[in-house]
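Reviewing the structure listed below.
Because the structure is a prediction, the values reported are computed rather than measured.
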Amino acid sequence: MVQEHEPGTPGEDTEPTATRRTADEAESSRASRGWWDRNADEYQEEHGAFLGDDRFIWGPEGLDEAEAGLLGPVEALKGRDVLEVGAGAAQCARWLAAQGARPVALDLSHRQLRHARRIDAAAAGALAAAGAAGAADVVGSRASGADDAAGVALVQADATALPFRDGSFDLACSAYGAVPFVAEPVRVMREVRRVLRPGGRWVFSVTHPIRWAFPDEPGPEGLSISASYFDRTPYVEQDESGRAVYVEHHRTLGDRVRDVVAGGFRLVDLVEPEWPAWNHQEWGGWSPLRGNLIPGTAIFVCERD
């Protein structure tokens, strides 16, 4: 799931206050679950068309796994067990299933997973209607690797404590899911390594760290440095009582590389997608203007021995 942040509201009549302060793992997890449960409907309504029901998009630039092949050749996905971390409505997992993989979509937010079920139910309904009409072929957002009635396998859990046995998956992936929102990303790396089989690949995307030095604005005001790139203090939105309702953690590019290594992986590629000419949308602080000048997404391609 591609994620973004636009200010949310913890209640009907209150606006959270933005600040920079420390936030531990427990507070970060509570804030993320609450924020996504409250904002999932708006997120899917605003960005669902761009993400599609069964596309694998790595970030706001629109880099598609069908062309990028960061998980490996598309034809090699068939029969592979794949874990999507921070899956949201499971768009990426649904694309993987269509390639013949066996994906499991994991997310912290119950409401996001409800949207995954909604999409699967709509696809199943379309399939049933086509079958009743005697259609021999159905073109749609059907996850062909999953059971027609059940859809993509969904799990609600925290990425720092994956509820799977060691060596359960061949591949793992995350498009802006989980990693930017945890206080201890090495815990996520180690958990992903644990559930991967030897030689397994782990590919995840996050906001490019350089963006933290600039205002989160899509226009010209977002091109002037306003903060220290080296300030790792988390961005926190909190309510009137000081309770965090949104938390995002900054790591420098070097920090991210060290997290990967500390988690037991080898970094085999670091992809910084360029903004394509066809993409005219603005997505939060991402825009053609900024995207043509500074990177907005960093994708880490990792493997375990």
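The distance from atom CZ of Phe56 to atom SG of Cys92, rounded to the nearest 0.5 Å, is 4.5 Å. Between the CZ atom in Arg33 and the CZ atom in Arg38 there is a gap of 12.0 Å [rounded to 0.5 Å]. The distance from the CD1 atom of Ile299 to the CG atom of Asp269 is 9.0 Å, given to the nearest 0.5 Å. Interatomic distance, Leu267 CG to Cys302 SG, rounded to the nearest 0.5 Å: 5.5 Å. Leu293 CG to Leu223 CG: the interatomic distance, rounded to the nearest 0.5 Å, is 6.0 Å. Interatomic distance, SG of Cys173 versus CG of Leu96, reported as 5.5 Å (0.5 Å rounding).
No donor-acceptor pair under 3.5 Å is formed between the side chain of Asp107 and the backbone N or O of Leu113. Proximity of a side-chain donor or acceptor of Thr19 to a complementary backbone N or O of Arg21 within less than 3.5 Å is not detected. Judged by distance alone, the side chain of Arg304 and the main-chain N or O of Arg193 form a donor-acceptor pair under 3.5 Å. Panel note: side chain Asn279, backbone Pro288; no donor-acceptor pair is recorded below 3.5 Å. Within the 3.5 Å criterion, the main-chain N or O of Trp95 finds a donor-acceptor partner in the side chain of Gln99. Proximity of a side-chain donor or acceptor of Glu217 to a complementary backbone N or O of Gly285 within less than 3.5 Å is not detected. In this structure a side-chain-to-backbone donor-acceptor pair under 3.5 Å is missing from Glu303 to Arg266. In this structure a side-chain-to-backbone donor-acceptor pair under 3.5 Å is present from Arg102 to Gly79. Using a distance-only test at 3.5 Å, with no hydrogens or angles considered, a donor-acceptor pair links the side chain of Asp255 to the main chain of Thr252. Formation of a donor-acceptor pair under 3.5 Å by the Thr297 side chain with backbone atoms of Pro273 is not found in this model.
A heavy-atom distance below 4.5 Å is found between the side chains of Arg111 and Asp41. Between Phe214 and Arg290 the shortest side-chain heavy-atom distance falls below 4.5 Å. Contact check for Leu77 versus Leu171: side-chain heavy atoms found under the 4.5 Å cut-off. Inter-residue side-chain proximity for Leu83 and Ser174 is flagged as unmet; no heavy-atom pair is nearer than 4.5 Å. Looking at heavy atoms from C-beta onward, Arg256 lies in side-chain contact with Val179 at the 4.5 angstrom threshold. Put simply, the side chain of Pro16 does not reach to within 4.5 Å of the side chain of Gln238, judged on heavy atoms. Within the 4.5 Å cutoff, the side chain of Val82 has no heavy atoms near those of the Asp170 side chain. Side-chain contact between Trp35 and Phe181: absent, with no pair of heavy atoms (C-beta onward) separated by less than 4.5 Å.
Taking every heavy atom of both residues into account, Arg20 and Asp231 meet most closely at NH2-O, 3.2 Å. Of all non-hydrogen atoms in Ser224 and Pro215, the two that sit nearest each other are O-CD, 3.0 Å. In terms of heavy atoms, Gly263 sits closest to Arg190 at CA-CG, 3.8 Å. Closest approach of Pro218 to Ser287, counting heavy atoms only: O-OG, 2.7 Å. Nearest heavy atom pair, residue Glu191 against residue Leu162, reads OE1-N, 2.7 Å. Taking both residues in full, the closest heavy atoms of Ser168 and Arg197 are given as O-NH2, 3.0 Å, listed atom of the first, atom of the second, then distance.
A distance of 6.0 Å or more separates the ring centres of Phe300 and Trp58. For Tyr229 and His250, the distance between ring centers is under 6.0 angstrom.
Ion pair Asp53/Arg94 not flagged as a salt bridge, since none of the NZ, NE, NH1 or NH2 atoms sits closer than 4.0 Å to an Asp/Glu carboxylate oxygen. Glu237 has no carboxylate O lying under 4.0 Å from a charged side-chain N of Arg243, or vice versa, which leaves the two without a salt bridge. The residues Asp259 and Arg251 are annotated as salt-bridged, a charged nitrogen and a carboxylate oxygen being separated by less than 4.0 angstrom. Between Arg30 and Glu27 no salt bridge is recorded (no basic side-chain N to carboxylate O distance below 4.0 Å).
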Next item on the list: Apply side-chain contact (heavy atoms from CB on, under 4.5 Å) to the pair Ile57 and Gln91, showing each step before the final yes or no.
Entry: CA-CA 9 Å; Ile57 304 301; Gln91 288 96 336; over 6 Å; no
Checklist line | Working for side-chain contact (heavy atoms from CB on, under 4.5 Å), residues Arg232 and His249 | finding: CA-CA 7 Å; Arg232 278 88 160 178; His249 294 267; over 6 Å; no
Check: Going through the checks in order, is the side-chain contact (heavy atoms from CB on, under 4.5 Å) test met by Asp64 and Arg55?
Finding: CA-CA 7 Å; Asp64 196 316; Arg55 295 178 67 202; 3.5 Å; yes
Next item on the list: Would you check, one step at a time, whether the test side-chain contact (heavy atoms from CB on, under 4.5 Å) holds for Val104 with Phe164?
Entry: CA-CA 11 Å; Val104 174; Phe164 307 109; 4.0 Å; yes
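Note on Phe204 and Val155: same hydrophobic cluster, where clusters join Ile, Leu, Val, Met, Phe, Trp and Tyr whose side-chain heavy atoms are under 4.5 Å apart, directly or indirectly. Residues Tyr176 and Leu108 do not share a hydrophobic cluster, clusters being chains of Ile/Leu/Val/Met/Phe/Trp/Tyr side chains in contact below 4.5 Å. Put simply, Val247 and Val182 are part of two different groups of oily side chains (I, L, V, M, F, W, Y) that touch within less than 4.5 Å, one to the next. Under the 4.5 Å side-chain heavy-atom criterion for grouping Ile, Leu, Val, Met, Phe, Trp and Tyr, Val85 is connected to Val206 within one hydrophobic cluster. Follow the hydrophobic side-chain contacts under 4.5 Å out from Val261 and you never reach Val192; the two are in separate clusters.
Checking His115, Gln112, Arg118, Arg114 one by one against Gln44, the side-chain hydrogen bond (donor to acceptor under 3.5 Å, both in side chains) holds for a single residue, Gln112.
Aromatic ring orientation, Trp283 versus Phe50: perpendicular (interplanar angle above 60°, classes split at 30° and 60°).
When the shell of 6.0 Å around CD of Glu240 is examined, it contains 12 or fewer heavy atoms from other residues, nucleotides or ligands. Counted within 6.0 Å of CD on Glu272, heavy atoms from surrounding residues, nucleotides or ligands total more than 12; the atom is thus considered enclosed.
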